[in-house]
Amino acid sequence: MEKKVVFSGVQPSGALTLGNYIGALRNFVELQDEYDCNYCIVDLHAITIPQVPKDLRSHTLDVLAMYLACGIDPEKSTIFIQSHVPAHTELAWVLNTITYMGQLNRMTQYKEKSKKSEENLNAGLFSYPVLMAADILLYQADYVPVGDDQKQHLELARDVAIRFNNKYSDTFVVPEPLIKEFGARIMSLQEPTSKMSKSDQDKNSFILLMDDEETIRRKIKRAVTDSVGKVNYTDEQPGLKNLINIYSVLSGKSVEDIVNMYKELSYGEFKDDLGEVVINALKPIQDRYKEIRNNKEYLEAIYAEGASKAEKKAIKTLRKVYKKVGFIPRG
Ligand code: AQP
């Protein structure tokens, strides 16, 4: 039986955070044996926010090295850079013509990000979800593992797929999100009601996957909690709830066990232990990353091979689409 298809991506818009790891990368690794997985570094998406070209180049290789360090295996999964496969932008154009402005206007990420770039609001930021739909639909993905923040974009990808299929005849698989019930939204350490984000101006709000031990301990120590003073897992203590979630995902212990372990102890003691849990979880990833990141030839070989594999799959879908909308094949 053919394996079901998975597609997902990460933007090379900065160094990756613990939120990216828990909400996405960690799950990417788990899916590799069962599914035909396609993992992309979405550089075309990254430029919807201003990027320094030299940093974008280096962040793209950082994300690739981080994929590998986390355990994504190029023998099992297709790993590639989005701009290497032109079919993404080509399909996005076609899908733009069947996506409603009203629907894009309602996207929370657009509303939030456009507030931050009011002066130079670009059309790419507005149509970002259409490119994301193209990414997913090109590979006929059955499943898309993402963090909770991407749910709305995925809903749009589904709508667009259904609309195209209804208008022209069955073409796209309608994708399903794979969102873990637990850890799908890791919150900012400074503002536990907003998600942890790599582009947050406040560096204490996130833990980077490559933060050193001292930095990790310090950021956790400074994480905002509350004045209740008792380790508990409730919505009234969002800072603590977030820290317990991180503890639970990385240690494999249940929330209940963690609350029982710390209910008689201080926040300081809980945070000290959490620091060690995070450090221990990241240590093997950091070690592998350091081995891989400077091996340019190895990284080049991976992304070149990935682009060829991805292109073959993508072009098949694009050809079908072009035929259905009425474009004449070049021959
Ligand atoms: N805080 C989070 N908790 C759980 N999952 C998260 N993801 C991101 N933040 C969290 C998931 O990581 C994947 C890659 O995200 P992305 O880099 O493509 O874009 P994003 O969702 O916009 O992530 P950031 O860190 O907030 O990036 P910037 O600051 O550049 O916009 C996605 O699956 C996402 O759900």
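Worth knowing before you read on, the calculation uses all heavy atoms, side chains too, and leaves out hydrogens, waters and symmetry mates. The structure displayed is predicted, hence computed values, not measured ones. We count ligands from 1, going down the list as the structure has it; atoms in each ligand are counted the same way.
When only modelled atom types and interatomic distance are considered, Tyr289 and Asp62 share a side-chain donor-acceptor pair under 3.5 Å. There is a side-chain donor-acceptor pair under 3.5 Å between Gln11 and Tyr128.
The single protein non-hydrogen atom nearest to atom 30 (O) of ligand 1 is Ser13 OG, 2.7 Å, given as residue, atom name and distance. Counting protein heavy atoms only, atom 7 (N) of ligand 1 is closest to Asn20 ND2, 3.8 Å. Among protein heavy atoms, the minimum distance from atom 20 (P) of ligand 1 is reached at Lys195 NZ, 3.4 Å. For atom 33 (O) of ligand 1, the closest non-hydrogen atom on the protein side is Gly147 N, 3.2 Å. Nearest protein heavy-atom neighbour of atom 28 (P) of ligand 1: Ser199 OG, 3.5 Å.
Looking at ligand 1, you won't find any N or O of Asp200 less than 3.5 Å from one of its N or O atoms. Between Ile186 and ligand 1, an N or O atom pair is found at a separation short of 3.5 Å. Residue-to-ligand polar distances place Gln11 within reach of ligand 1: an N/O pair is separated by less than 3.5 Å. Looking at ligand 1, you won't find any N or O of Pro145 less than 3.5 Å from one of its N or O atoms. Geometrically, ligand 1 and Thr17 share no nitrogen or oxygen pair separated by less than 3.5 Å.
Atom CD1 of Ile136 sits about 11.5 Å away from atom CZ of Phe172, to the nearest 0.5 Å.
Ring geometry for Phe28 versus Tyr67: interplanar angle over 60°, hence perpendicular rather than tilted (30 to 60°). Between Phe80 and His88, the ring-plane angle classifies as tilted under the 30° and 60° cut-offs.
With a 4.0 Å cut-off on non-hydrogen atoms, Asp149 touches ligand 1 through its side chain and not its backbone. With a heavy-atom cut-off of 4.0 Å, Ser197 touches ligand 1 through backbone and side chain alike. At a heavy-atom distance under 4.0 Å, atoms from both the backbone and the side chain of Met196 approach ligand 1. Contact annotation for Ala24 and ligand 1: only side-chain heavy atoms (C-beta onward) come within less than 4.0 Å of the ligand.
Under the 4.0 angstrom criterion for non-hydrogen atoms, Ile22 is not in contact with ligand 1.
Seen from the ring of Tyr233, Lys241 counts as a face-on cation partner, given the 6.0 Å and 45° thresholds.
Of the listed options Glu112, His45, Lys113, Lys198, Lys113 places a heavy atom closest to atom 31 (O) of ligand 1. Of the listed residues (Gly9, Ala184, Pro12), the one carrying the non-hydrogen atom nearest atom 4 (C) of ligand 1 is Ala184. Around atom 5 (N) of ligand 1, the closest heavy atom drawn from Gly19, Ser8, Cys40 belongs to Gly19.
With Arg26 contributing its side chain and Val249 its backbone, the two residues share a donor-acceptor pair below 3.5 Å.
Applying the 4.5 Å side-chain rule to ILVMFWY residues, one finds Leu44 in the same cluster as Leu131.
Ring pair Phe270/Tyr247: centre-to-centre distance below 6.0 Å.
A ring-ring contact (aromatic ring centres under 6.0 Å, His included) with Tyr35 is found for one member of Tyr143, Tyr139, Phe7 and no other, namely Tyr143.
The residues Arg106 and Glu155 are annotated as not salt-bridged, no charged nitrogen and carboxylate oxygen being separated by less than 4.0 angstrom.
When the ring-ring contact (aromatic ring centres under 6.0 Å, His included) test is applied to Tyr298, no partner is found at least two apart in sequence or on another chain.
Under a 4.0 Å criterion applied to the non-hydrogen atoms of Gln150, ligand 1 contributes the atoms 21 (O), 35 (O).
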